[in-house]
Amino acid sequence: MKRLGLILFALIIGQIVFSQQILLTINGNDVTKEEFERIYLKNNNQPNSTDQDIDEYLDLFINFKLKVAEAENLGYDTTTAFLNEFNQYFSQLSEPFFVDTVYQNQLLHQAYNRLKKEVRVSYIIIKSEPTQDTIEAYNKAMLAYNRIKNGENFIDVALDVSESSSVQKDKGDGWYNKVFMMPYNLENFAFEGNIGDVSKPLFANYAYFILKITDIRTVPKRVRASHIYISLPINAPEIDSLTAMKKIDSIKTAFKNGQTFSQVASQFSDDTYSSSHGGDIGWFSTGRMLREFETATFNIKNIGDSVGPIRTAVGFHFIQLTDIEQVGSFNEEKDDLNSSISNNERSMMLQNRVYQNLMKEYNYQFTGNMNDFYTGVDSTIFQGTWTMDNFYYNNNVLFKFSDQEVTYSDFAKYLSENQRISNNANLIQFIDDKFIEFRNEIIKNYEITQLPNKNTGFKYLMQEYHDGLLLFDITNNMVWDKAVKDTVGLRNYFVQNRNKYSQKINIVVYSFSTDKLFAKTVKKISKISNQTDALNNIIKIAEKTGTSDMSGVFKQGDNVTADFVISKMQNNLISNNQIVVVDDVNKKIIILKDNLTYVKGLVTADYQDVLEKKWIAELRTKYSVEINQAVLNDIKSNN
């Protein structure tokens with residue numbers, strides 16, 4: 001088998017065939033009109049581009065392609081770091097293509113319609129252990145179903161045969177269910193049936209379920225309520241019951257005397273947390289509260305109305321409805337529904353639909369026999385110790401699709417690499433599940449390799465990512481990082497262009513007591529080579545005969561001396577290497593110290609531009625660039 005899981009997706013870029021008109025040929029590689037126009041329009045949304053606009057962008061585009069060509073020539077696209085990053089992008093961007101959007105939309109609308117109602121069901125459960133054949137449980141469930149269809153009471157049958165741990169208490173009543181609360185096949189029966197309908201045995205979660213629809217109601221999405229709670233557990237002592245009754249009477253009296261619900265809750269409620277908030281217990285939906293409490297709250301019609309006392313297993317409640325949230329529009333609920341679907345078995349249904357479609361498209365054929373695996377794999381796979389050596393395997397074809405053939409050995413290796421530690425697992429079920437995972441993975445990896453040829457948008461998007469990653473890596477090495485690391489080159493560039501960076505200057509100013517000392521110092525300094533490395537010697541001479549008036553970092557406008565130096569720099573009156581400014585009028589010597597520290601960011605950016613221009617000039621000499629003028633004219637005429 002072609003080991004699709006090991007295919008480097010980056011190689012696909014080299015396999016893309018562009019059948020469009022050729023605009024450019026750079027170093028023997030063709031660039032289509034379609035590719036150029038797509039990127040041009042993506043970065044230039046202004047209508048009515050001029051010929052000059054297109055020519056200027058084409059020049060930038062050629063520079064971009066030259067850099068990519070150089071990166072490929074230097075092997076940037078074969079490094080492990082590049083391939084790992086590109087493959088990650090490739091996998092992420094391919095995910096949307098593994099969703100059946102039509103089916104997904106159907107499930108979203110179905111869930112939205114079910115969001116508007118709740119279904120109450122009674123149930124009978126017949127368990128089927130993961131390690132057992134399900135036929136025995138199914139036959140038992142069918143006997144129960146036939147008893148009900150022949151007229152026996154559902155509750156009586158439930159009490160007799162249901163294996164639910166709570167059946168004696170709830171008599172099989174499963175209460176009201178919202179969408180996403182039940183396994184999907186059970187939910188389908190409940191939400192598509194009518195009151196009184198009884199299902200045939202439905203398998204879910206290693207058990208058979210028989211359902212009976214007992215009620216259907218329309219309720220708000222959720223409600224908000226406050227309560228006043230009087231604690232009184234079932235079987236409470238008589239004295240506690242008397243105390244509770246007295247408190248209830250006091251609550252009723254307080255209401256009659258005009259106190260608000262919040263005031264009474266703060267005074268009398270045994271729920272210390274909610275009483276400190278006026279009795280507020282927040283928002284809740286079906287299944288979050290005790291049934292009696294929930295029923296009473298959802299039966300209140302108007303916000304602000306109250307009911308009570310309501311008896312539950314833990315005591316008495318006075319309840320006030322404080323807010324209602326109805327189901328929103330489809331667009332308002334869509335994101336939440338999508339999130340619920342992604343965490344529900346519907347997510348697996350969506351995946352299966354995609355793979356079923358791909359299997360049909362690629363003429364998938366299963367040619368093996370799963371019994372070979374059922375007998376060749378043993379329970380050591382649940383201990384993590386099973387090896388392929390314990391299994392008779394060969395290179396016979398297990399399944400095939402398109403031009404791919406997958407062997408027994410391939411699946412056996414997958415099983416060996418994906419063992420699961422478990423004390424209670426069904427071997428056949430485990431092998432079946434792993435086979436589906438394996439098959440889907442193989443088909444998905446193959447489909448990913450076909451996406452660029454099947455989808456033009458995806459093809460160009462991956463081309464952009466491919467070229468963009470190469471552009472970043474090589475530009476970082478040749479320009480950005482190089483400008484930072486090349487400290488000698490950066491300083492030389494700064495010294496040669498010192499007058500451009502007069503936003504801030506670092507100076508020390510010396511004055512002299514006599515004209516003679518001033519002239520003597522100027523003469524001595526003039527004999528020293530005016531290079532930066534001579535700065536310390538110059539300062540020593542000035543310090544011997546003069547006095548430092550001021551020193552520091554200044555910008556234009558801070559003082560007249562700084563302005564004097566900056567004006568000379570800006571007017572190119574300071575030569576490239578000169579670091580001493582003589583103020584003959586005021587008899588001062590101004591030493592321009594190392595200014596690079598204070599303008600390094602600006603200098604670095606400019607130095608990067610210099611490096612890039614030089615690099616591009618070299619690339620244009622190194623690689624041939626041919627422009628198809630007829631195609632270029634066609635592009636201009638259509639803009």
Side-chain angles (χ1 to χ4, degrees), residues 1-12 15 87 90-91 94-95 97-100 103 128 130-135 203 206 345 347-422 424-454:
M1 183 194 77
K2 298 176 183 177
R3 295 300 293 170
L4 298 175
L6 299 178
I7 285 179
L8 296 173
F9 299 142
L11 298 179
I12 297 170
Q15 300 169 0
N87 291 344
F90 202 110
S91 296
S94 69
E95 285 303 318
F97 293 89
F98 290 91
V99 176
D100 186 329
Y103 186 44
S128 176
T131 56
Q132 297 176 350
D133 193 334
T134 62
I135 188 63
F203 188 76
Y206 298 109
E345 63 184 294
S347 176
M348 185 61 68
M349 292 163 52
L350 280 169
Q351 289 185 32
N352 289 340
R353 176 66 69 95
V354 170
Y355 291 119
Q356 290 299 319
N357 291 339
L358 289 174
M359 288 164 64
K360 183 177 180 181
E361 176 183 349
Y362 291 126
N363 191 28
Y364 169 88
Q365 298 177 52
F366 181 80
T367 56
N369 188 336
M370 290 304 293
N371 285 326
D372 294 334
F373 290 93
Y374 299 153
T375 57
V377 180
D378 57 42
S379 61
T380 58
I381 202 165
F382 299 127
Q383 301 167 13
T385 59
W386 183 81
T387 66
M388 292 174 62
D389 295 336
N390 298 330
F391 172 65
Y392 175 75
Y393 62 92
N394 51 44
N395 289 320
N396 287 347
V397 176
L398 184 61
F399 64 85
K400 58 185 178 180
F401 66 98
S402 188
D403 61 346
Q404 304 294 307
E405 291 186 344
V406 182
T407 68
Y408 274 59
S409 301
D410 296 320
F411 182 44
K413 182 177 180 182
Y414 184 84
L415 285 173
S416 179
E417 294 171 348
N418 292 273
Q419 303 187 55
R420 185 181 73 189
I421 307 299
S422 175
N424 186 27
N426 185 307
L427 183 61
I428 293 177
Q429 187 66 52
F430 174 78
I431 293 173
D432 285 345
D433 290 344
K434 288 301 173 185
F435 174 75
I436 293 173
E437 288 178 12
F438 171 71
R439 181 198 65 198
N440 290 352
E441 180 180 313
I442 294 294
I443 293 175
K444 179 178 182 178
N445 286 336
Y446 179 79
E447 173 66 4
I448 288 175
T449 67
Q450 303 305 303
L451 281 177
N453 297 322
K454 294 171 69 173

Minimal non-hydrogen separation, Leu415 against Trp386, with atom names: CB-CZ3, 4.1 Å
With sequence neighbours excluded, tell me which residues meet salt bridge (charged side-chain N to carboxylate O under 4.0 Å, His left out) with Lys444. Glu95
CG-OG distance between Asn426 and Ser128, expressed to the nearest 0.5 angstrom: 8.5 Å
Could you check whether any side-chain heavy atom of Ile448 comes within less than 4.5 Å of a side-chain heavy atom of Phe98, counting everything from C-beta outward? yes
Under 3.5 Å donor-acceptor pairs involving side-chain atoms of residues 364-371, not counting sequence neighbours:
residue : atom : partner : partner atom : Å
Thr367  : OG1  : Val397  : O            : 2.8
Thr367  : OG1  : Leu398  : O            : 3.3
Asn369  : OD1  : Asn371  : N            : 2.9
Asn369  : OD1  : Asn371  : ND2          : 3.4

Report yes or no: do Glu447 and Tyr362 form a side-chain donor-acceptor pair below 3.5 Å? yes
Does Asp100 have any side chain to side chain donor-acceptor pair (under 3.5 Å) partners at least two apart in sequence or in another chain, and if so, which? Asn357
Take the angle between the ring planes of Phe438 and Phe411 and call it parallel below 30°, perpendicular above 60°, tilted in between. tilted
Indicate yes or no for a side-chain donor-acceptor contact from Gln419 to the backbone of Thr385 under 3.5 Å, with no hydrogens or angles considered. yes
Write out all pairs satisfying salt bridge (Lys or Arg N to Asp or Glu O under 4.0 Å) with one or both partners inside residues 355-367, taking only residues at least two apart or from two chains. Glu361-Lys454
Non-neighbouring partners of Thr375 that pass side chain to side chain contact (heavy atoms under 4.5 Å, CB included), sequence neighbours left out: none
Kindly write out the residues that satisfy ring-ring contact (aromatic ring centres under 6.0 Å, His included) with Phe382, not counting sequence neighbours, or none if the list is empty. Phe430
Is it the case that the side chain of Thr380 and the backbone of Gln383 share a donor-acceptor pair, with hydrogens and angles ignored and the cut-off at 3.5 Å? no
With distance as the sole test, does Ser416 use its side chain to make a donor-acceptor pair with the main-chain N or O of Thr387 at under 3.5 Å? no
I would like to know whether Tyr414 and Val406 meet side-chain contact (heavy atoms from CB on, under 4.5 Å); could you show each step before the answer? CA-CA 12 Å; Tyr414 184 84; Val406 182; over 6 Å; no
As an exercise, state the distance from CD1 of Ile428 to CG of Asp433, rounded to the nearest 0.5 Å. 12.0 Å
Rounding to 0.5 Å, atoms NZ (Lys413) and OG1 (Thr407) come to a distance of 10.5 Å
Supply the atom-to-atom distance Arg439 CZ to Leu358 CG, rounded to the nearest 0.5 angstrom. 10.5 Å
Taking it one step at a time, do Gln404 and Lys400 satisfy side-chain contact (heavy atoms from CB on, under 4.5 Å)? CA-CA 6 Å; Gln404 304 294 307; Lys400 58 185 178 180; over 6 Å; no
Residue list, side chain to side chain contact (heavy atoms under 4.5 Å, CB included) with Ser347, at least two apart or on another chain: Gln351
Does Ser402 have any side chain to side chain donor-acceptor pair (under 3.5 Å) partners at least two apart in sequence or in another chain, and if so, which? Tyr446
With sequence neighbours left out, write down each residue that passes salt bridge (charged side-chain N to carboxylate O under 4.0 Å, His left out) with Glu437, or none if nothing qualifies. Lys434
Not counting sequence neighbours, which residues clear side chain to side chain donor-acceptor pair (under 3.5 Å) with Asn352? List them please. none
Any non-hydrogen side-chain atom of Ile443 less than 4.5 Å from a side-chain atom of Met359? yes
Taking only residues two or more places apart in sequence, or in another chain, which ones meet Phe97 in a ring-ring contact (aromatic ring centres under 6.0 Å, His included)? Phe458
List for me each residue that meets side chain to side chain donor-acceptor pair (under 3.5 Å) alongside Tyr103, sequence neighbours excluded, and say none if there are none. none
Ile431 versus Val377, closest heavy-atom pair with distance: CD1-CB, 3.9 Å
Geometric class of the Phe399/Phe401 ring pair [parallel <30°, tilted 30-60°, perpendicular >60°]: parallel
Under 6.0 Å between the ring centres of Phe373 and Tyr408? yes
